[in-house]
Structures are given as structure tokens and as C-alpha cells.
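Positions are given from 1, in the same order as the sequence printed here.
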Amino acid sequence: MEQGLFTANNVWMMICTALVFFMHTGFAFLEIGLTRQKNTINILFKNIFIITVGLLLYYIAGFNLMYPGFEEGSAGFIDFAGFGIAPPDDGMTPGYADGGYTWWTDFLFQGMFAATAATIVSGAVAERMKIGPFMMFTVFYVGLVYPIAGSWKWGGGFLDQMGFYDFAGSTLVHSVGGWAALVAVWLLGARIGKFKDGKPQAIPGHSIPLATAGVLILWLGWFGFNGGSVLSADPELTSLTLVTTCLAAAAGGVVAAFVSFLKYKNLDLTMFLNGILGGLVGITAGADVMTPESAIIIGAIAGALIVFAVAFIDAIKLDDPVGAIAVHLACGIWGTLAVGIFSTNEEHTFLIQLTGVACYAAFCLVTSFLIIFTLKKTVGIRVSEREELEGLDAHEHGMDAYADFRLNEH
């Protein structure tokens, strides 16, 4: 391969790595914007912890657990290539990864994805989970569960051998985080004041402008999330991927806003924002194998799904402050199944996609339950009533996010 093309591919992948890293800013802004001022430091601390510790865990064992190099004839369920990230002999040459990137770029790009699953959980458990148990959960989920789950498809495991397809992680990243968020919210219980006489009550976030900025940053980051998943700078595939990604996001936002208006008779910005994210999550499984028309349909269905999923989660008395379960789990499942319906590759079938969804559901539900339930029974996972009412910032961190500016909060 021509050295110039190899260099161009690698530079593109490094740019995409930076864009995925920037998504952590978007997650942080979205989460603090949709929650109350008194818990801002707590949420920011969790987000910083996830990316820093997540990278270290991925270096220690995660990368080689996720990409173990399954031997021919292996069951493809779990394997381990050893600790650390020592590169192979051809790791810095065009002979590695078809000349798409170097070994070091491979590690860093995949490491950025690894932390995202725990970030999804962070938003769902906001405002009432103890910081210590959350950190312990993150270590186990990012360090062990995510890499093993990832190896089943991206590492060449049994689902990959079966023909399951998930281009950039509708299931491998978003649903893996979404299933854990569902378990965590159920085991934690709702925030004080969320349900009154069995009816859900709105607990407004303290900064919708920050939440809006967060969503726009996440959309920008998705250029790297999906664009980088082409694993080279291939002009046709990268440009198609970015077109389908953006069209799905736009359709998701518009349809969520419209359906929300029909259902609730108001123009809800937060539903508009989550609709954009739902469209992005929905297209992520098949962004490289969709036509623009299919992308709009997938995004539109995801946008409508958001409205009904949020209402359903409220109806079953689960409290998800940022809508993480509706966005990442519901739309992640939809996007993965959509590959079996709309993919331009005839080898992608609905039944195999459904099998993959079921495998990840079982694995993530069981592992996240074991981790969080064990923490609940040993160290406890929920803050006291007083700590929740006065805010986690003061009690968990001894700090105030806005020292010279206070809002009256209930």
C-alpha cells in the first residue's frame, strides 16, 4: 500500500478518536443540564472518572480481552491475549488492519468506545446513587463486561461467526449500557418526589441550554463514532456513513418533537433533543449499509419510539432523569433489528440480528444485576434521604458547582 494512503487513513482515524473523546463533554453537559444544580459536581466527577479509569482498564486487560484473536474452531465466547498492549511486529505498518490505522490508533479509538457504556448508566442513576459503588460498578462493567461483550462481534467471536452485524455499536455500546441502566434504575428506586400518588412528576433540569449544547456536541462526536467505524478513510464509505448518520439524527429529532406535540400538546425541547440522540443510536448499527431513504425511516421510527418509551418507563415507575434507557436501550435494539430489515447487504437477516440482541440482553442483565445487587447488599448503593434532598455535591464532594450563584431548589 502506498505510504501516503496509509498515513491519510491513520490521520482520519486519529481525528475520529478525538471526536469520540469529545463526546464525553457532550454526555457531561447533557446529564448536568437535565438534572438539578445541587448534583452537578457529582455527575461531572463520575464522567471524568469513567474516561480516565476506563482508559487505564482498557490498557491493562480490556483491549486484549475484546480482541483476543480467537483461534479457528474456538467457541468464540471468551479468550484473553494477555495483559498490556504490546504491538505485533507489523503493528505500525500497512500490513496491520489492511492499512487502515496503526496498532496504537486501534487501541485508542476502541478505548474511547469502552468508556461510553458506563457513561450511559451515569445519567440514568443520577441524583441518588452513592459515588463509591458507582465507581466500583464502572471498574467491573468497563473492565470486564464490555470487553467480553465486544469480543463476541468485533473481536471475531461467536456472533460475528454467525453473521450478526453491528457496525458501530447500537447494541455493543448503547444497549450494553442501556441494559445496565435499566437494572440500576430498578434496584435504586425513584428519586424523592418523582412519583406522587402513583403519577410521575416532572423534576426540571437546571440548565436546558447546557443540555442542548451537549446534544449538539454528541451529534458532532458521532461523525467520529460512526465515521471512524469504517476503519479507514475510504471516501465512499465514510461519506455515505456520515450522510446516513446525519439524516437519521434529523429525522429522529423532528419526529420526536412532532409526536410529542400530538401527545402532550406542547413543543418539548428535551423530547426534541432526545429524538436526535435516538436517531443517532438507531442508525449506528447499520450506517454503512443503509440508503439515505432507509436512514430517514430508521431515524423517524426511533424518534417516535423515544416518546412512547419515555412514557412507558414512567408508567412502570422507573425513574430515568435523562432518558438514557429510552435513547440507548430502546433505540439501540431498534437500530440493531433495523439492519435485518433495511440493510443493502442481503446476508444480514432479521433472525440473526434478533439472536444477537437476545444474547446481549441476557449477558448484560445478568452481569449488571450481579454487580449492582452485590453492591446494594454489601456497601449500599443509595444515598440517605437527607443527602438526596440537600444534594450530592455537598455531601459526597464538599463542593458547589456554582459557588456564587444559588437557585432555590426543592
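Taking CG of Asn39 as the reference point, atom CZ of Phe45 lies at 14.5 Å (rounded to 0.5 Å). Between the OG1 atom of Thr171 and the CG atom of Leu329 there is a distance of 9.0 Å, given to the nearest 0.5 Å. To the nearest 0.5 Å, the span separating CZ on Phe195 from CG on Leu318 amounts to 7.0 Å. Rounding to the nearest 0.5 Å gives a distance of 9.5 Å between CG of Asn9 and OG1 of Thr238. Here OG1 of Thr336 is found 13.5 Å from CZ of Phe167. Values are rounded to the nearest 0.5 Å. Residue Phe29 holds its CZ atom at 13.0 Å from CD1 of Ile43, rounded to the nearest 0.5 Å.
Using a 4.0 Å cut-off between charged side-chain N and carboxylate O, Lys153 and Asp160 make a salt bridge. Note on Arg382 versus Glu388: salt bridge recorded, some NZ/NE/NH1/NH2 to OD/OE distance being below 4.0 Å. In this structure, Asp319 pairs ionically with Arg191, as a charged nitrogen and a carboxylate oxygen lie closer than 4.0 Å. A salt bridge links Glu127 to Arg36: one of the charged nitrogens lies within less than 4.0 Å of a carboxylate oxygen.
Asn64 places a side-chain N or O within 3.5 Å of a backbone atom of Gly82 that can act as its donor or acceptor partner. Without hydrogens or angle criteria, Gln201 side chain to Lys199 main chain gives a donor-acceptor distance under 3.5 Å. Using a distance-only test at 3.5 Å, with no hydrogens or angles considered, a donor-acceptor pair links the side chain of Trp103 to the main chain of Ile85. Listed for the Asp393 side chain is no donor-acceptor partner under 3.5 Å among the backbone atoms of Met399.
Considering only residues two or more places apart in sequence or on other chains, Phe140 meets the ring pair (Phe, Tyr, Trp, His ring centres under 6.0 Å) condition with none of them. Residues satisfying the side-chain contact (heavy atoms from CB on, under 4.5 Å) test with Leu220, not counting sequence neighbours, are Leu19, Phe22.
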Exercise for review: Go through Thr105 and Asn10 one step at a time and tell me if the side-chain hydrogen bond (donor to acceptor under 3.5 Å, both in side chains) criterion holds.
Suggested key: CA-CA 7 Å; Thr105 301; Asn10 195 60; 2.9 Å; yes
Review point. Should Asn226 and Thr245 be marked as a side-chain hydrogen bond (donor to acceptor under 3.5 Å, both in side chains) after you check the CA-CA gap, both sets of side-chain angles, and the distance that decides it?
Key: CA-CA 7 Å; Asn226 285 3; Thr245 298; 2.9 Å; yes
Exercise for review: Might you work through the side-chain hydrogen bond (donor to acceptor under 3.5 Å, both in side chains) test for Asn47 and His24, ending with a clear yes or no?
Suggested key: CA-CA 7 Å; Asn47 278 269; His24 290 280; 5.4 Å; no
Practice item. Let me see the working for Leu188 and Arg128 under side chain to side chain contact (heavy atoms under 4.5 Å, CB included), right down to the final yes or no. Key: CA-CA 8 Å; Leu188 262 179; Arg128 76 268 201 210; 4.1 Å; yes
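Aromatic pair Phe63/Tyr67: ring centres closer than 6.0 Å. Taking the six-membered ring for Trp and the full ring otherwise, the centers of Trp152 and Tyr360 sit less than 6.0 Å from each other. For His206 and Tyr402, the gap between ring centers is short of 6.0 Å. Aromatic pair Trp334/His328: centroids not less than 6.0 angstrom apart. In this structure, Trp104 has its ring center no closer than 6.0 Å to that of Phe107. Aromatic rings of Phe225 and Phe113 (six-membered ring for Trp) have centroids within the 6.0 Å cut-off, being under it.
Side chains of Asp288 and Tyr165: a donor-acceptor N/O pair is present below 3.5 angstrom, by distance only. Side-chain contact annotation: Asp106 with Tyr96, donor-acceptor N/O pair under 3.5 Å present. Between Trp222 and Thr284, the side chains place a donor N or O and an acceptor N or O closer than 3.5 Å (distance only, hydrogens not considered). No hydrogens or angles considered: a donor-acceptor pair under 3.5 Å links the side chains of Thr270 and Asp268. Side-chain contact annotation: Thr291 with Ser294, donor-acceptor N/O pair under 3.5 Å present.
Taking the six-membered ring where the residue is Trp, Phe134 and Phe137 present tilted rings, their angle falling between 30° and 60°. Classified by interplanar angle (parallel below 30°, tilted 30° to 60°, perpendicular above 60°), the ring pair Phe373/Phe369 is parallel.
Side-chain contact between Pro147 and Gln110: absent, with no pair of heavy atoms (C-beta onward) separated by less than 4.5 Å.
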